[in-house]
Each structure stands twice: as structure tokens, then as C-alpha cells.
Protein chains: 2
Amino acid sequence: MARSRDLDDSASRAALLDAAESLMVEHGYAAVTTRRVSKAAGVNNGLVHYYFGTMDDLFAEAFRRRSERSLDRLRHVLDDPQPLWALWEQSRDASSNAIVMEFIALANHRKAIKKEIAAYSRQHRRLQIERLTTVLEGYGVDLERWPAGALLVLVTGTARFLLLEESFGVHVAHDETVAVIEREIGALEGERRVYERRASAAS
Amino acid sequence: MARSRDLDDSASRAALLDAAESLMVEHGYAAVTTRRVSKAAGVNNGLVHYYFGTMDDLFAEAFRRRSERSLDRLRHVLDDPQPLWALWEQSRDASSNAIVMEFIALANHRKAIKKEIAAYSRQHRRLQIERLTTVLEGYGVDLERWPAGALLVLVTGTARFLLLEESFGVHVAHDETVAVIEREIGALEGERRVYERRASAAS
DNA sequence: GTCTATAGCTGGATAGAC
DNA sequence: GTCTATCCAGCTATAGAC
């Protein structure tokens, strides 16, 4: 908050963050170099250091911006009429997962990023557990036997694992895994139905 | 097989592969440069190219060597008197998982590695399913409802996800997840017992 | 097989003009 | 705020002596 509004709102700054994201998704985090990111953003390469200081700071800022948007979206996901289906679908979304995987890979070599991801993950998980507990109680699930947190980790962990393997072109036993999970979700809240698109703050 | 035995058996070559592995585990794949890996191996940096040609080939060879050993080990895991417990324990082993995660991260930027990992993953999965099917049949599990492949992906996927989060210092809801899985395994093959250490080819 | 030396490239970061 | 120019470091790979 000590940072000036002017600096945060700069179009060049935003362009650099956007370019960093899209480079990460399309060519991996290693493609995000001062020269390439500034070229992709259409600004001069000196501006990277003017706005962010170091590459570490650029990455951290890109992750923070993503996290805020993502948490906003999460707050609405479990308001879906079929929250378990919505959660599952969101977990299976490859596009939003690709950049997360890049950040995770990046974190192995940038400690500052590692801390950001850890903090975000904890917050995200806690928020999900809170909402999911309410949902499962409504379905009459025995939460002693099947705690919301455990089901959440099982489902989202498996979803991410599936996405990871799929990004390698590995699909062995994926169909039956998806079938089992969707059968169990269906047993709790019926077949997935299609609703009117909900209004959302996220773009 | 066209390669000469002499070249494959060279002590320098093996030292380079060993050094590459340990550098990956301790400092990440980015630390595996021609200079550092040769220094760690105690050999001249020119030898990297003499033995492997390019860095890509060194990584591919390191992964192949690991894979062969790993598949050998796998063939024995499900011979444990409590194969589900053994599988779960192996999946939860952080040390052998660390290097796998590095290879996965590396694969994002080295296509040759990506292919190697995909091929290995398929083979590994198929072998596991084959053995696990026999085991579950023995326990009278309804394989129509709970296919071996699905259970395998659920358990190993969750295990890897837990390890990934733990490497970031994130532990939210891990305990209850582990408890649920171990309760279900216990329901099938009882409490985990301790056996005499089995003879194993792997070091 | 092992070594040195070096070419050629790409990157992060800074200084200073405008 | 934006730009150019430049320094310095680290990397892969190769040539060639021993």
C-alpha cells in the first residue's frame, strides 16, 4: 500500500505482467526473460527493472495478481446449485492449471515464489474446507468418517494429477478414475445439470 | 545396444550420471550445467559432451537409468504380504519423489525428456494395474465398481499431491486425508504389520 | 580418454541521455 | 517514463593438444 497508485496502474506495468503470464503458459517460465517479456509487452526492456526491480519481483507480483483473482472466483464456485460438480469441473480445468504448474516448477528455484504459493495454497484450502463442510452437511454426509478436508484433497489432488499426466500425453486408467469420482458426486447431488451463466466479477 | 560396452561402463560416465542426479535433488535441475556436473563428478567438463553429446542426452540417460531401477523395484513391491500398504508407503516416499518432480519440471522445457517420462509412466501404470487387479480380486473387491486403475490413480495421485504440498510446507487437511486412505486400506488388509526386511536388488 | 582454451550466445542489471 | 548502450556472468559446444 506504500506503493504509489500511479506506479501500480501504469499500462506498461500491466502489459508486462500480462506478457509474463502468457509467455509462461505458452513457452514455460524459462521464456520469461527481461528481453522477451518486454518485447512481448511492447515496451522497452529497461522498464522491467524500473517497475519490478528484479525478475523475482516480477514473478512474485504476477503470482499475487493471479491469486487474488483466483480467490475471488473460488468464493463463487461453491455457490453453484451443484457445488460438488462445480468444484470438480474447476479442478479439471486445464487452462487455469497450466500456469499454476509453471509457477510450481518455478518455485523450485525461486524461494520468494515458494513462499507466495504456500501462503496462497493454505488460504485457498481453508476457504474451500469451510464452504465444503456446509455443503456436505446439507447432503447428510458423515463428516466424522469423511471429513470435508480429506474429500477435498482426494478430489482436487487427483484432478491435478490427472491434468499433469494428460499434459504428458499419459491417459492410462484416467477414464475409469473420472467415472468413479463422477459416480460418487452424482450419488450425492444427482446428474450434472446446465444452468444459466451466473454473473461473475472475474473476467 | 549399438553403443559399446566400454563407453557405457566407464567410471567417468557413471560418475557424471550420479552427479547429475544428486545435483538435481539438492539444487534443482537448473544446477545441472556442464561445468557444475563435471566438477561434482570430479571429471573434466569436456567429458560431458564426449559421453553424452548434449545436455539433453545426459538428462535422458539419467532418467532412463532411474526408470529401469524403479521398474525393477516396482515388480517386488506388490509381492509384499500387505501389497496395498506397501504401495501406499512407496507412494508416500518423499526421497524418491523429489527427483521425479525435478524431472517433471525439467520436461516442460526439454521435449526429449517429456517423451521418456510419458513412456515410463504408461509402462509403470500398466504394470501396477496388472498386479493390483490380482490383489484386489483376492480381497473380494467389486472391480466393476472400483476398478484397480481408478483406485491406483486415486491413491498414487493423492500421495503425490500430498508430497508436492509438503515440499512447500503446506499441510492443511493432510492428516485427515492420510487417515481416510489408511482406514480404507486397513479395512481390506488389516493393520500394517512389520516384516523381516526383504532381499532386494535395488540399493 | 582427458584436458585446456575459446568461440558464440543469452541473460540480468545498471548508467545515463532524453 | 522511456530508451540505448553496455558491463559482466554463465552457459553449451567445439577444436585441438596431449
Side-chain angles (χ1 to χ4, degrees), chain A residues 2-24 26-63 102 105-113, chain B residues 2-20 23-24 26-63 102 105-113:
Chain A
R3 200 159 25 196
S4 88
R5 278 276 97 196
D6 289 355
L7 211 59
D8 269 26
D9 288 353
S10 151
S12 294
R13 188 187 134 93
L16 283 167
L17 291 174
D18 291 341
E21 272 202 23
S22 80
L23 276 174
M24 282 181 83
E26 287 175 41
H27 300 104
Y29 70 82
V32 183
T33 65
T34 49
R35 287 170 171 78
R36 280 199 260 184
V37 76
S38 56
K39 188 176 180 185
V43 304
N44 186 273
N45 62 27
L47 293 187
V48 172
H49 298 99
Y50 175 76
Y51 282 111
F52 301 100
T54 67
M55 290 302 289
D56 254 66
D57 296 326
L58 185 154
F59 280 121
E61 193 50 36
F63 184 79
E102 278 303 314
L106 175 64
N108 280 332
H109 313 298
R110 306 232 179 204
K111 290 191 178 175
I113 300 296
Chain B
R3 201 159 21 195
S4 87
R5 278 277 96 193
D6 289 354
L7 210 59
D8 268 28
D9 287 351
S10 149
S12 293
R13 188 187 135 92
L16 283 167
L17 291 174
D18 290 340
L23 274 174
M24 282 181 84
E26 287 175 41
H27 300 103
Y29 71 81
V32 184
T33 66
T34 47
R35 287 171 172 76
R36 280 199 260 184
V37 75
S38 56
K39 187 175 178 186
V43 306
N44 186 273
N45 60 28
L47 293 187
V48 173
H49 299 99
Y50 174 76
Y51 282 111
F52 301 100
T54 67
M55 289 303 288
D56 254 65
D57 297 325
L58 184 154
F59 280 120
E61 193 50 36
F63 184 78
E102 279 303 314
L106 174 65
N108 279 333
H109 314 298
R110 307 235 179 201
K111 291 191 177 175
I113 300 297

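Residue numbers start from 1 in every chain, and the chains themselves are labelled A, B, ... in the order their sequence lines are given, proteins ahead of strands.
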What's the closest nucleotide to the A/Thr54 side chain, out of C/dT2, C/dA13, D/dG1? C/dA13
Distance in angstrom units between B/Leu58 CG and D/dA13 C1', rounded: 14 Å
For the side chain of B/Thr33, starting at C-beta, report the closest nucleotide among D/dG1, D/dC11, C/dG1. D/dC11
D/dA13 phosphate, OP1 or OP2: any side-chain N/O from B/Thr34 under 4.0 angstrom? no
Any B/Arg36 side-chain N or O less than 4.0 Å from OP1/OP2 of D/dG10: no
To the nearest Å, how far apart are B/His109 NE2 and D/dC11 P? 17 Å
C/dA13 phosphate, OP1 or OP2: any side-chain N/O from A/His49 under 4.0 angstrom? yes
Can you check the A/Tyr29 OH to C/dG12 C1' distance for me, whole Å? 16 Å
Parallel, tilted or perpendicular, judged at 30° and 60°: which one describes the rings of B/Tyr29 and A/His109? perpendicular
What would the secondary structure line of DNA chain D be in dot-bracket form, counting Watson-Crick and G-U wobble pairs under 3.5 Å, with [ ] for pairs that cross earlier ones and | for pairs with another strand? ||||||||||||||||||
Given atom CE of A/Met55 and atom P of C/dG11, what is their separation to the nearest angstrom? 10 Å
Over 12 non-hydrogen atoms of neighbours within 6.0 angstrom of NE2 in A/His27: no
To the nearest angstrom, how far is A/Leu47 atom CG from D/dA5 atom C1'? 15 Å
Less than 4.5 Å apart, any side-chain heavy atom of B/Arg13 and any of B/Leu47? no
Tell me whether the side-chain N/O atoms of A/Asn44 come closer than 4.0 Å to OP1 or OP2 in D/dT4. yes
Side chains of B/Asn108 and A/Glu102, heavy atoms from C-beta outward: is any pair under 4.5 Å? yes
Please determine whether a side-chain nitrogen or oxygen atom of A/Tyr51 lies at a distance below 4.0 Å from atom OP1 or OP2 of D/dT2. yes
May I have the distance from A/Arg35 (atom CZ) to D/dC8 (atom C1'), rounded to whole angstrom? 12 Å
Nearest-nucleotide pick for B/Tyr50, side chain only, options being C/dT2, C/dA13, D/dG1: C/dT2
So which heavy atom on B/Ser38 is nearest to which on B/Val48, and how close? CB-CG2, 4.2 Å
Passes side-chain contact (heavy atoms from CB on, under 4.5 Å), A/Thr34 versus A/Met55? Steps please. CA-CA 7 Å; A/Thr34 49; A/Met55 290 302 289; 3.4 Å; yes
Does a nitrogen or oxygen in the side chain of B/Ser12 sit under 4.0 Å from OP1 or OP2 of C/dT2? yes
Among the nucleotides D/dC11, C/dA5, C/dG12, whichever has the atom closest to the side chain of B/Asn45 is C/dA5
Just checking, any donor-acceptor pair under 3.5 angstrom between side chains of B/Tyr51 and B/Ser12? no
